[in-house]
Amino acid sequence: MVERQRVICASHALADSARGVRFEVEYLGEPTPAFAVRHAGEVHAYLNRCAHVAMELDWQEAVFFDAVGRDLLCSTHGATYDARSGRCLGGPCNGRALVKLRVDERDGQVYFMGFTDESR
């Protein structure tokens, strides 16, 4: 079943390269943690699970960026991901990307729109 669009948060809740917002989606029939962040002015969202080992990325609640606010960082094993695409940049993710979610920002709100791969 494809989840319909829904509000994740207000746009102002996502500052550029700062704390994200955690939320939950249904993924492969299971409730699964996800997150949204803003990077270079755009909102991006992913499942909150490292591509290396299915562990949540944030080391403190909703803290996903590295120290300089450029890349997403798995706090457990140090895998780094491009904030715009979820592509693995280094570490134990070995080329595997984060599961990207479709989002839309309009009228001061950020909406979850589904998965980039609609077969999920």
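Sequence positions, counted from 1, serve as the residue numbers for this chain. What you see is a predicted model, and the numbers here were worked out from it, not measured in a lab.
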Flag the pair Thr32 / Arg49 as yes when at least one side-chain heavy-atom distance between them is below 4.5 Å, and no otherwise. yes

Do side-chain atoms of Asp82 reach the backbone of Arg84 as a donor and acceptor pair under 3.5 angstrom? yes

Determine yes or no for a side-chain-to-main-chain donor-acceptor pair under 3.5 angstrom, with Thr76 supplying the side chain and Cys74 the backbone. no

Check against side-chain contact (heavy atoms from CB on, under 4.5 Å), Val53 and His77: CA-CA 9 Å; Val53 175; His77 298 112; 4.2 Å; yes

Any Tyr81 side-chain heavy atom under 4.5 Å of Asp71 side chain: no

Keeping Thr80 on the side-chain end and Leu73 on the backbone end, is there a donor-acceptor pair under 3.5 Å? no

Once rounded to the nearest 0.5 Å, what's the spacing between atom CZ of Arg96 and atom CZ of Arg87? 15.0 Å

Thiol sulfurs of Cys93 and Cys50 closer than 2.5 Å: no

Shortest non-hydrogen contact from Trp59 to Ser75? CB-CB, 3.1 Å

Any chain of hydrophobic side-chain contacts (each under 4.5 Å) joining Val37 to Val25? no

Do Val103 and Leu47 belong to the same hydrophobic cluster, where Ile, Leu, Val, Met, Phe, Trp and Tyr are linked whenever their side-chain heavy atoms lie under 4.5 Å apart, directly or via other members? yes

Checking side-chain contact (heavy atoms from CB on, under 4.5 Å) between Phe35 and each of Leu101, Ile8, Asn48, which is the one that passes? Asn48

Separation between CG of Leu89 and CZ of Arg70, rounded to the nearest 0.5 Å: 7.5 Å

So, taking the atom named CG in Leu72 and the one named OG in Ser85, what distance separates them when rounded to the nearest 0.5 Å? 9.0 Å

Nearest heavy-atom contact between Glu26 and Gly29 is OE2-CA, 3.7 Å

N/O donor-acceptor pair under 3.5 Å between Arg38 side chain and Leu14 backbone: yes

Group every Ile, Leu, Val, Met, Phe, Trp and Tyr by side-chain heavy-atom contacts under 4.5 Å, then state whether Val7 and Met113 land in the same group. yes

Kindly compute the distance separating SG (Cys9) from CZ (Arg22), expressed to the nearest 0.5 Å. 13.5 Å

Does any N or O in the side chain of Tyr46 come within less than 3.5 Å of the main-chain N or O of Gly86, such that one atom is a donor and the other an acceptor? yes

Residues passing the salt bridge (Lys or Arg N to Asp or Glu O under 4.0 Å) test with Asp66, sequence neighbours excluded, are none

Where do Leu98 and Ala51 come nearest, in terms of heavy atoms and distance? CD2-N, 4.2 Å

How are the rings of Phe115 and Phe112 set relative to one another: parallel (under 30°), tilted (30 to 60°) or perpendicular (over 60°)? perpendicular

Verdict with supporting geometry, Glu61 and Arg19, side-chain contact (heavy atoms from CB on, under 4.5 Å): CA-CA 8 Å; Glu61 177 136 355; Arg19 293 179 82 86; 4.3 Å; yes

Are the side chain of Asp58 and the backbone N or O of Phe64 linked by a donor-acceptor pair below 3.5 Å? no

Between Val99 and Phe23, is there shared hydrophobic-cluster membership here, with clusters defined by ILVMFWY side-chain heavy atoms closer than 4.5 Å? yes

